[in-house]
There are 2 protein chains.
Amino acid sequence: MKNVTIYEIAEAAGVSASTVSRVINNKPGVKKATKKRVLECLEEHHFSPNETARGLVNQSSKMIGILISDMRTTHHTDGIYYIQREFSRLGYGCLIMNTGYDDADRAHYIQLMNQRRIEAAVLIGSTFQSDLVKDAIEQYLPKIPVIIANGYIDLPNVYGVIADERGGVERCVDLLRRKGYRYPAFAANRETPSNHLKMQGFCDGVRRCFPDREPLVLVTGSEQAEIEGAVNRLFEEHPQTDSVVFSEDPMAAICIRTLHDCGIDVPGQVGVIGINNSFIAEICNPSLTSLDNMLLDLSVAAARSLIDVLQGRHVVKKMMVYSRLVERESTQRDASE
Amino acid sequence: MKNVTIYEIAEAAGVSASTVSRVINNKPGVKKATKKRVLECLEEHHFSPNETARGLVNQSSKMIGILISDMRTTHHTDGIYYIQREFSRLGYGCLIMNTGYDDADRAHYIQLMNQRRIEAAVLIGSTFQSDLVKDAIEQYLPKIPVIIANGYIDLPNVYGVIADERGGVERCVDLLRRKGYRYPAFAANRETPSNHLKMQGFCDGVRRCFPDREPLVLVTGSEQAEIEGAVNRLFEEHPQTDSVVFSEDPMAAICIRTLHDCGIDVPGQVGVIGINNSFIAEICNPSLTSLDNMLLDLSVAAARSLIDVLQGRHVVKKMMVYSRLVERESTQRDASE
DNA sequence: TTGTATGCGTTATCAG
DNA sequence: CTGATAACGCATACAA
């Protein structure tokens, strides 16, 4: 019960395989009548062309590869979704792989992508900015366009669109000062290039807004218990702390919960800011002020660029999408105190 | 700068292409020495086999297809993640497509999957239980194993593992009664087979726990504003309502926010239950009692089944994963009132 | 142990 | 307008 081939169609229609091929691909130079006949046979036999064979002869897989560390990190799924939809529209399939955070594994996945002869690749996340990944791209994907969402690698075939994390977080500090907070801290879940930029932005802001202060920065881990623990420790060891910027909304949400359970008022006693402006920011109580780093716009830009490259248009190699600070209740207090 | 082929390797190593092929595939009958020489050339030329060509000759794409309505619905990404990882381990690539909710589109995507000659398919979500999808499977994927996560279609090559939504929601009603709530309502975001089962479970529960009561059920839409509106309307039109079960956690979270803004106490005046036991349930304030329908376990079971089928083992055609009710603060009141 | 020839399903290049 | 024929890159039966 294998799939029917153009030869069987050809036989059924009393023509040659080439004619069938021409009909399938809407090529000119086929008599109306025969075309109609072939079309009928195609329909009747439920023919659907073998893309594998097509890919072989056309030297084109009509597939793009999407690499992501872990697609369960929700703030990236919007991007994948968008990219998949756009490329689907153009007849491309999307091979999606979760690489994890180990660079050697990633190199392996990049090789796999090459074996599938993908025509372009999207790497999602700043953590793909590493030497091993760079080497792997040079070795396995040197000729196809590669775009990094929220990152950049300096190679001829690599494009990047990055978020304005540093500037965005710096503006978070501005906001905190405007609201009367005096002792801000910054907490990241893990060490990533992206989080590093956020830390830098935070330090920039603190040094500018509170020149006498040493920026207080911590790395917590991603588990709920770790974050709760870190928050508790933070307020024990630095009781003067009156505001925290978190590298991701969920962390901020957990912080709000934790403080609430300790009887600490947000935003009255402590101001909290998250990053990504995700759904969680809306449903927090108090709702969460969050830095929207425009991850979706970023993916949109990435997809557009990639499509442009594939269609031979000139494309900016590296660009930045500006972020936007969305104020909500978690920083809403008078600048009085 | 095309990719190097086995012929070029053959030439470089001074052997024939078939020998190279044998080495690559670790087939027996190659002299140690030549094998070593070939291996060196392979390494040196950065050879990586063209999976497209392999697929053509082997009649196997080494790809599975994953169809999902919208991967932004977070409670499904865990499943995709797991499935991708398991199949990756076996050397399979995952072609992932977001189909949307239109059945005709889905049929189209199923055809696309066939063109790529995927070796198995995973359909994620109860909404794939439709006649058009069934027809499409019969027509385009009649011979490869297809598994539906949280659904089932009666076809020889289709397997299904479903969640115990009906029983689970019925137990939610039990819990509410035990906690002293008397006027429960149920709200779903949209009409899906899965939500339908939940509604039925709710009705079962109400009829058993409160025989004199007519079950109160509403469909709200998925947007935040729609849900807020529905909640407000619910308590206007049915002021006696003292508890609500929502088809998804985020809806419940929004409800908690909305009630809080109206000065209605949860769980004191109103009990709230969500479904999926997602991250949101933990960070709600009050934290959210939620029915864990074991979506991850469900995906695990689905992946296992699919792998078993592919490896020729016998597999249960249809199975159910039991749900688990996780009590948190949003229903935590004494049964007094 | 190795090489030759053939085919996988399709498209493209020629002739006719 | 249509039909042979040769690729595409690899694997395999068969010969040597």
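A note on names: the letters A, B, ... follow the listed sequences, proteins ahead of strands, and every chain is numbered from 1.
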Worksheet item: With a 4.0 Å cut-off on heavy atoms, is Val20(B) in touch with a base, just the backbone sugar-phosphate, or nothing at all?
Response: nothing
Discussion item. Using every non-hydrogen atom in the two residues, find where Ile83(A) and Ala303(A) come nearest and quote the distance to one decimal.
Written reply: CG1-CB, 4.1 Å
Worksheet item: Donor-acceptor pair, Lys134(B) side chain versus Phe128(B) backbone, under 3.5 Å?
Response: no
Discussion item. Less than 4.0 angstrom between a side-chain N/O of Thr5(A) and OP1 or OP2 of dG9(C), yes or no?
Written reply: no
Discussion item. Using a strict threshold of under 4.0 Å (side-chain N to carboxylate O), is an ion pair present between Arg54(B) and Glu51(B)?
Written reply: yes
Item to complete: Name the nucleic acid region contacted by Lys27(A), choosing base, sugar-phosphate or nothing; use a 4.0 angstrom heavy-atom cut-off, strictly under.
Response: sugar-phosphate
Fill in: Cation-pi geometry met for Arg190(B) and Tyr101(B) (6.0 Å, 45°)
yes
Discussion item. By nearest atom, which of the nucleotides dG3(D), dT12(D), dC1(D) is closest to the Val15(A) side chain?
Written reply: dG3(D)
Discussion item. If I take atom CD1 in residue Ile9(A) and atom P in nucleotide dT11(C), what distance separates them, rounded to the nearest angstrom?
Written reply: 13 Å
Worksheet item: For dT11(C), does either OP1 or OP2 sit under 4.0 Å from a side-chain N or O belonging to Asn25(A)?
Response: yes
Worksheet item: Base, sugar-phosphate alone, or nothing: which one does Thr19(B) contact when heavy atoms must sit under 4.0 Å apart?
Response: sugar-phosphate
Worksheet item: So which one's nearest nucleotide on DNA chain C is more toward 5', Ala17(B) or Val57(A)?
Response: Ala17(B)
Worksheet item: Given atom OH of Tyr7(B) and atom P of dA11(D), what is their separation to the nearest angstrom?
Response: 11 Å
Worksheet item: For the pair made of CD1 in Ile6(A) and C1' in dT10(C), what is the distance, rounded to whole Å?
Response: 5 Å
Fill in: Side-chain donor/acceptor of Ser18(B) to base of dT4(C), under 3.5 Å
yes
Worksheet item: Quick one: Asn50(B) CG to dG9(C) P, roughly how many Å, whole number?
Response: 17 Å
Worksheet item: How close do Arg116(A) and Thr52(B) get, heavy atom to heavy atom, and via which atoms?
Response: O-OG1, 4.1 Å
Practice prompt. Choose from dT11(C), dT1(C), dA11(D) the nucleotide whose nearest atom is closest to any side-chain atom of Lys31(B).
Written response: dT1(C)
Worksheet item: Among Ile137(A), Leu67(A), Ile64(A), Val146(A), which one satisfies side-chain contact (heavy atoms from CB on, under 4.5 Å) with Met113(A)?
Response: Leu67(A)
Discussion item. Measure CZ/Arg116(B) against P/dT10(C) and give the value in whole Å, please.
Written reply: 14 Å
Worksheet item: Given dG9(C), dG3(D), dC10(D), which nucleotide is nearest the side-chain atoms of Ser16(A)?
Response: dG3(D)
Worksheet item: Of all the nucleotides listed (dG9(C), dC8(D), dT12(D)), which has the minimum atom distance to the side chain of Ala53(A)?
Response: dG9(C)
Discussion item. From CZ of Arg54(B) over to P of dA11(D), roughly how many Å is that when rounded to an integer?
Written reply: 5 Å
Worksheet item: How many Å lie between CD1 on Ile24(B) and P on dC10(D), as a whole number?
Response: 7 Å
Worksheet item: Thr34(B) near the nucleic acid: base, sugar-phosphate alone, or nothing, with a heavy-atom cut-off under 4.0 Å?
Response: sugar-phosphate
Discussion item. Is it the case that the base of dG3(C) and the side chain of Arg22(B) share a donor-acceptor contact (distance under 3.5 Å, atom types as modelled)?
Written reply: yes
Fill in: Leu56(B), nearest nucleotide to its side chain (from dT2(C), dC10(D), dG9(C))
dG9(C)
Discussion item. Any base atoms under 4.0 Å from Val30(B), or only sugar-phosphate, or nothing? Heavy atoms, all strands.
Written reply: sugar-phosphate
Worksheet item: To the nearest Å, how far apart are Gln59(B) CD and dG9(D) P?
Response: 19 Å
